[in-house]
Colleague: 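Just dropping this structure here.
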Amino acid sequence: MKLPYGANEDDFENIKKIVSEFTNNDKNLDESTLEIMNIAYSTGGDYSDETLLAYVKAYFEMNSTNQDL
């Protein structure tokens, strides 16, 4: 798995814990975590808990809205 620039395994595991609080789908947990990390990196965000919590909430709100269409 290729992590975004500046991220390490500890960042991934920390973010994965945050993501797991928002989903029951363990199959896509790594995929969702990596996607959120890439979004945070591409928008200039860091990997702090506060920043990532905001990205995780927005990610799952967006995905639940898109499933309603």
Colleague: Just so I know, are the side chains of Glu13 and Thr33 near enough to count as touching, which here means a heavy-atom distance under 4.5 Å?
Modeller: no
Colleague: Quick one: closest heavy-atom pair of Ala40 and Leu52, and the distance?
Modeller: CB-CD2, 4.1 Å
Colleague: State whether the number of non-hydrogen atoms from other residues, nucleotides or ligands found under 6.0 Å of Glu50 atom CD is greater than 12.
Modeller: no
Colleague: Checking Ile18 against Asp49 for the side chain to side chain contact (heavy atoms under 4.5 Å, CB included) test, could you report, in this order, the C-alpha distance in whole Å, the side-chain angles of both residues, the deciding distance, and whether it holds?
Modeller: CA-CA 8 Å; Ile18 295 170; Asp49 288 351; 3.9 Å; yes
Colleague: Is it the case that the side chain of Ser32 and the backbone of Asn28 share a donor-acceptor pair, with hydrogens and angles ignored and the cut-off at 3.5 Å?
Modeller: yes
Colleague: Nearest 0.5 Å, please: how far is CD1 in Ile15 from OG in Ser20?
Modeller: 12.0 Å
Colleague: Could you measure the distance from the CG atom of Leu29 to the CZ atom of Phe22? Nearest 0.5 Å is fine.
Modeller: 12.5 Å
Colleague: Quick one: salt bridge (charged side-chain N to carboxylate O under 4.0 Å, His left out) pairs with a partner in residues 15-25, sequence neighbours left out?
Modeller: Lys16-Asp30
Colleague: Could you grab the distance from atom OG1 of Thr23 to atom CZ of Phe60, nearest 0.5 Å is fine?
Modeller: 5.0 Å
Colleague: What's the spacing between Ser42 OG and Met37 CE if we round to 0.5 Å?
Modeller: 12.0 Å
Colleague: Working to the nearest 0.5 Å, report the span between OG1 of Thr43 and OH of Tyr55.
Modeller: 2.5 Å
Colleague: Taking the side chain from Asn38 and the backbone from Leu34, do they hold a donor-acceptor pair closer than 3.5 Å?
Modeller: yes
Colleague: Between Leu3 and Phe12, is the side chain to side chain contact (heavy atoms under 4.5 Å, CB included) condition met? List the steps.
Modeller: CA-CA 8 Å; Leu3 296 174; Phe12 180 80; 3.8 Å; yes
